[in-house]
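Counting starts at 1 for both ligands and their atoms, in listed order. Here, residue 1 is the first one in the sequence, and each next residue gets the next number.
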Amino acid sequence: MTSVCLVLGDQLSESLTSLKAFNKENDVVLLCEVQEEATYVKHHPKKIAFLFSAMRHFAEHLMQQGFTVRYVKFDDPDNSGSLAGEVRRAIAAIPANKVIVTEPGEYRLLHAFKSWPDTLGIAIDILPDTRFLCGIDKFKHWAKGKKQLRLEFFYREMRKQYSILMEDNGKPTGGKWNFDKENRKPPLKGMASPKRISHNQSAITLAVLKLVHERFHNHFGTLEPFHFAVTREQALQELHHFIDNLLPQFGDYQDAMVVGEPYLYHSLISSYLNAGLLLPLEICLLAEAAYRSGKAPLNATEGFIRQILGWREYVRGIYWLHMPDYAQLNFFDAKRPLPNFYWTADTRLFCLAETIRHTRDHAYSHHIQRLMVTGNFALLAGINITEICEWYLLVYADAYEWVELPNTLGMALFADGGIIASKPYAASGKYIHKMSNFCQYCQYDPMQTLGEKACPFNALYWDFLARHEDKLQTNQRLTFMYAHWHKQTPEQQAAIREQAAFTFQKMDTGNL
Ligand code: FAD
Ligand code: DLZ
Ligand code: SF4
């Protein structure tokens with residue numbers, strides 16, 4: 001029996017179950033750059049360039065390891081434009097009688113793969129993705145019978161299971177599971193990102209950049225300069241650079257935001273991790289080793305490990321537990337069209353403009369900018385869930401639906417009604433003012449709620465709480481905020497809501 005081993009663009013790891021099942025005597029690895037995957041949403045050009053270059057380098061690597069590889073380039077005249085089409089062509093050309101694939105990261109593809117025995121007339125083995133530290137079945141088992149699926153408890157289980165930051169007596173290192181309270185320092189005056197490493201562009205990358213420039217110039221985002229790692233070796237250099245030079249400050253300034261500084265002390269590894277160039281356990285072990293050898297403090301190390309061992313595995317579990325229904329959830333019935341400034345950065349709200357500029361130029365912005373600026377605004381303004389989720393899926397180089405959707409729909413927009421978050425991450429301009437230096441450059445004043453100079457986030461925040469009081473009033477974590485709102489006189493409340501209505505009017509007419 002000869003098999004085609006289909007390796008997707010975000011499965012670039014030799015540890016893949018489908019490659020472990022590979023028989024070097026007969027089987028053929030198939031990697032293909034296809035129109036359908038590159039355009040099912042109009043991905044940022046940097047994301048396409050990163051993946052195509054990483055795919056081509058990975059194919060070369062596999063061939064050096066003795067794998068037979070069929071690689072279909074985007075501009076191959078016979079390229080059918082879809083994964084199904086390329087599998088069909090490969091089966092006929094080899095010829096082969098089975099497809100092996102590791103489970104994909106998106107529900108739409110899993111659904112498609114399951115239909116291939118009928119539509120392509122070929123057997124398919126879909127193997128588990130063991131690159132993750134919590135298998136889908138294991139997560140479902142953990143979730144079974146629980147009323148609430150809180151990250152904190154999942155994370156503790158993962159720490160115990162992998163013995164990470166654990167002491168011999170079974171207690172967490174440092175006596176606490178979570179050091180988050182120490183990880184919320186505002187930026188220091190004049191704080192700038194330490195220098196990041198960059199990589200020489202190989203002939204493969206140069207060819208890909210030319211292709212992407214020619215074929216995807218109408219997608220949102222700038223292609224060059226292009227500094228991404230595109231091989232495992234380069235991704236490991238990025239990881240070591242982070243652990244050795246940036247991890248010590250990661251915790252303190254994890255939530256800080258600074259003008260012109262998209263990266264600060266963040267690791268920038270999500271694109272590599274999600275595409276398979278790095279593996280989660282090696283990252284956590286390296287971070288723990290840095291702590292144990294005195295090179296990084298515990299608050300930073302625990303905070304960083306929690307993102308990978310905790311949040312990343314947890315959101316994937318939530319995705320597969322609740323799909324396909326999850327994508328349809330809309331707790332607040334949000335339906336206002338996505339404002340055009342999400343594409344142009346042309347808005348007077350400086351924090352939004354700056355975050356969108358980072359996104360456009362780097363296919364990156366860090367977590368707090370995604371959550372508390374673009375996400376917070378979309379939540380407060382009641383932006384259409386499908387439109388904003390699609391925006392997040394296409395603008396970031398690390399975005400795949402398994403991780404993007406729970407973060408956007410669940411964490412940022414609370415559209416799942418609290419499956420992920422115990423309360424909406426709604427905040428006024430005062431939070432952004434505290435955690436960034438953005439407001440200094442803005443025509444609005446974060447301390448004012450009413451009047452021409454008032455920061456639009458402030459009235460929107462109160463209007464959001466008032467608008468959704470029926471759904472949120474029983475949430476105990478909001479009791480204090482509702483008490484504050486009810487202390488306002490009816491006249492004060494009406495003035496705030498009028499101010500919010502004025503912002504909506506400006507937004508709807510493209511003048512915000
Ligand atoms: P660091 O801040 O250095 O964190 C280290 C690693 O932890 C990241 O590389 C990532 O792998 C992991 N991590 C951190 N937070 C999360 C999280 N909430 N969920 C999953 N993993 C996490 N992350 C994606 O990988 N892809 C996405 O499409 C994505 N979309 C998001 C959308 C919204 C609205 C929000 C609020 C967050 C989203 N995130 C997404 C999570 C997070 O913002 C990114 O993982 C992070 O910004 C990547 O940058 P970094 O590698 O420098 O991360
Ligand atoms: C994101 C992406 C892009 C832009 N292009 C391809 C491609 O041409 N071929 C491919 O195999 N994968 C690509 N991908 C990644 C897939 O979209 C990804 O595997 C699925 O979304 C599942 O996570
Ligand atoms: Fe953003 Fe308001 Fe600050 Fe302006 S004043 S940057 S709109 S938070």
Side-chain angles (χ1 to χ4, degrees), residues 6-11 30-41 43 47-48 50-52 55 72 74 83 86 104-106 108-110 216 242 246 250 254 263-275 278 280 283 303-316 347-354 364-375 377-378 388-389 392-393 395-413 425 428-433 436 438-448 453-458:
L6 174 64
V7 173
L8 300 169
D10 56 351
Q11 298 185 332
L30 172 65
L31 281 135
C32 43
E33 300 166 5
V34 289
Q35 173 84 9
E36 201 173 69
E37 288 310 303
T39 58
Y40 74 94
V41 294
H43 303 284
K47 177 181 183 181
I48 301 177
F50 159 61
L51 274 189
F52 283 7
M55 285 167 72
V72 185
F74 192 81
L83 293 173
E86 285 317 296
E106 303 197 345
R108 71 183 168 89
L109 279 189
L110 183 65
F216 301 101
F242 167 75
L246 296 119
F250 171 85
Q254 197 179 343
Y263 305 142
L264 292 173
Y265 294 96
H266 289 270
S267 66
L268 315 187
I269 56 165
S270 50
S271 303
Y272 313 131
L273 181 52
N274 294 350
L278 297 175
I283 299 170
F304 179 69
I305 287 176
R306 178 162 18 95
Q307 308 310 315
I308 293 169
L309 186 64
W311 278 110
R312 185 171 183 271
E313 299 290 331
Y314 168 81
V315 296
R316 176 175 183 259
T347 167
R348 293 184 193 90
L349 282 74
F350 186 88
C351 52
L352 276 171
E354 181 68 0
Y364 178 88
S365 71
H366 74 64
H367 185 69
I368 292 300
Q369 291 187 252
R370 296 187 203 195
L371 183 64
M372 300 311 292
V373 182
T374 39
F377 184 84
I388 190 75
C389 287
Y392 274 100
L393 186 58
V395 299
Y396 292 115
D398 57 23
Y400 304 91
E401 200 183 64
W402 66 265
V403 54
E404 176 277 327
L405 193 69
N407 270 296
T408 310
L409 187 149
M411 194 188 299
L413 305 175
Y425 278 92
S428 71
K430 293 189 184 93
Y431 172 85
I432 297 172
H433 176 52
S436 78
F438 293 163
C439 303
Q440 293 170 29
Y441 300 84
C442 188
Q443 71 176 64
Y444 297 114
D445 179 353
M447 307 318 280
Q448 292 187 37
K453 296 273 294 168
C455 166
F457 275 91
N458 293 340

Nearest-contact summary for atom 23 (N) of ligand 1 - protein heavy atom, Å: V403 CG2, 3.6 Å

F304 touching ligand 1 at heavy-atom level, < 4.0 angstrom: yes

Where ligand 1 meets H367 - atom numbers and elements under 4.0 angstrom, heavy-atom basis: 18 (N), 36 (C), 37 (C), 41 (C), 42 (C), 43 (O), 47 (O)

Option with minimal heavy-atom separation from atom 3 (Fe) of ligand 3, where the choices are P446, C439, A454: C439

For atom 8 (O) of ligand 2, closest protein heavy-atom neighbour: V34 N, 2.8 Å

Residue D10 vicinity, atoms of ligand 2 by number, heavy atom under 4.0 Å: 18 (C), 19 (O), 22 (C), 23 (O)

Residue H43 vicinity, atoms of ligand 2 by number, heavy atom under 4.0 Å: 1 (C), 4 (C)

Which of the ligand 2 atoms, numbered from 1, are nearer than 4.0 Å to a heavy atom of L109: 20 (C), 22 (C)

Those atoms of ligand 2 less than 4.0 Å from some heavy atom in E33: 8 (O)

Check: Y40/E106 side-chain N/O donor and acceptor closer than 3.5 Å: yes

Distance-minimising heavy-atom pair for L393 and H43: O-ND1, 4.2 Å

Atom 25 (O) of ligand 1: nearest protein contact (heavy atom, Å): N274 ND2, 2.8 Å

Any N/O pair W402/ligand 2 closer than 3.5 Å: no

Min heavy-atom dist Y364 to ligand 1 below 4.0 Å: yes

Those atoms of ligand 2 less than 4.0 Å from some heavy atom in C32: 7 (C), 8 (O), 9 (N), 10 (C), 11 (O)

contact_flag Y263 ligand 1 heavy-atom lt 4.0 Å: no

Atom indices of ligand 3 within 4.0 angstrom of Y444 heavy atoms, with elements: 5 (S)

Nitrogen or oxygen of L83 less than 3.5 angstrom from that of ligand 2: no

Distance from atom 27 (C) of ligand 1 to nearest protein heavy atom, with residue and atom: D398 OD1, 3.3 Å

Minimum heavy-atom distance between V315 and P406, given as atom pair plus value: O-CG, 3.4 Å

Under 3.5 Å: N/O of F52 near N/O of ligand 2: no

Structural part of L8 in contact with ligand 2, heavy atom criterion under 4.0 angstrom: both

Heavy-atom nearest neighbour in the protein, as seen from atom 13 (C) of ligand 2, with distance rounded to 0.1 Å: E37 CB, 3.7 Å

Ligand-residue contact atoms, ligand 1 with R312, heavy atoms, under 4.0 Å: 11 (O), 20 (C), 21 (N)

SB check R370 D398 (cutoff 4.0 Å): yes

Atoms in ligand 1 flagged as close to Y392, the criterion being non-hydrogen separation under 4.0 Å: 32 (C), 34 (C)

For atom 2 (O) of ligand 1, closest protein heavy-atom neighbour: H266 ND1, 2.7 Å

Element-labelled atoms of ligand 3 that are located less than 4.0 Å from some non-hydrogen atom of C442: 4 (Fe), 5 (S), 6 (S), 7 (S)

Atom 3 (Fe) of ligand 3 reached by C351 (N, O or S, under 2.8 Å): no

Contact check: N407 vs ligand 1, nitrogen or oxygen atoms, below 3.5 angstrom: yes

For the student: nearest non-hydrogen atoms of Y425 and M372, plus distance: O-CE, 3.7 Å

Heavy-atom check, side chain of L8 versus side chain of L83, under 4.5 Å: yes

Contacting atoms of ligand 3, where contact means under 4.0 angstrom from a heavy atom of L349: 7 (S)

W311 N/O under 3.5 Å from ligand 1 N/O: no

Where ligand 3 meets G429 - atom numbers and elements under 4.0 angstrom, heavy-atom basis: 8 (S)

Polar atom proximity, L268 to ligand 1 (N or O, under 3.5 Å): yes

Option of least heavy-atom distance to atom 28 (O) of ligand 1 (set: A399, G410, A412): A399

Proximal atoms of ligand 1 relative to L371 (non-hydrogen, under 4.0 Å): 36 (C)

Output field: ring centroids F457/Y444 closer than 6.0 Å: no

Distance filter under 4.0 Å to C455 heavy atoms, resulting ligand 3 atoms: 2 (Fe), 5 (S), 7 (S), 8 (S)

Within-cut-off N or O pair, T408 and ligand 1, under 3.5 Å: no

Ligand-residue contact atoms, ligand 1 with F250, heavy atoms, under 4.0 Å: 1 (P), 2 (O), 3 (O)

Per-atom contacts, ligand 2 versus E106 - under 4.0 Å to a heavy atom: 21 (O), 22 (C), 23 (O)

Within reach of ligand 1, part of F242 (heavy-atom separation under 4.0 Å): neither

Nearest-contact summary for atom 8 (C) of ligand 1 - protein heavy atom, Å: S270 CB, 4.1 Å

Closest protein heavy atom to atom 6 (C) of ligand 1, given as residue, atom name and distance to 0.1 Å: I308 CG1, 3.6 Å

Plane angle bin for F250 and F304 - parallel if under 30°, tilted between 30 and 60°, otherwise perpendicular: perpendicular

Candidate pair S271 and Y396, rule side-chain hydrogen bond (donor to acceptor under 3.5 Å, both in side chains), full reasoning: CA-CA 9 Å; S271 303; Y396 292 115; over 6 Å; no

Close-contact set for ligand 2 against R108 heavy atoms, below 4.0 Å: 17 (O), 20 (C), 21 (O)

Any Q11 heavy atom less than 4.0 Å from ligand 2: no

Minimum-distance pair of heavy atoms, taken over all atoms of C351 and F438: CB-CD1, 3.5 Å

Option of least heavy-atom distance to atom 46 (C) of ligand 1 (set: Q307, R370, R316, M411): R370

Atoms in ligand 1 with a heavy atom of L273 nearer than 4.0 Å: 11 (O)

Within reach of ligand 2, part of Y40 (heavy-atom separation under 4.0 Å): side chain

Heavy-atom donor-acceptor pair, T374 side chain to Q369 backbone, under 3.5 Å: yes

Polar atom proximity, M55 to ligand 2 (N or O, under 3.5 Å): no

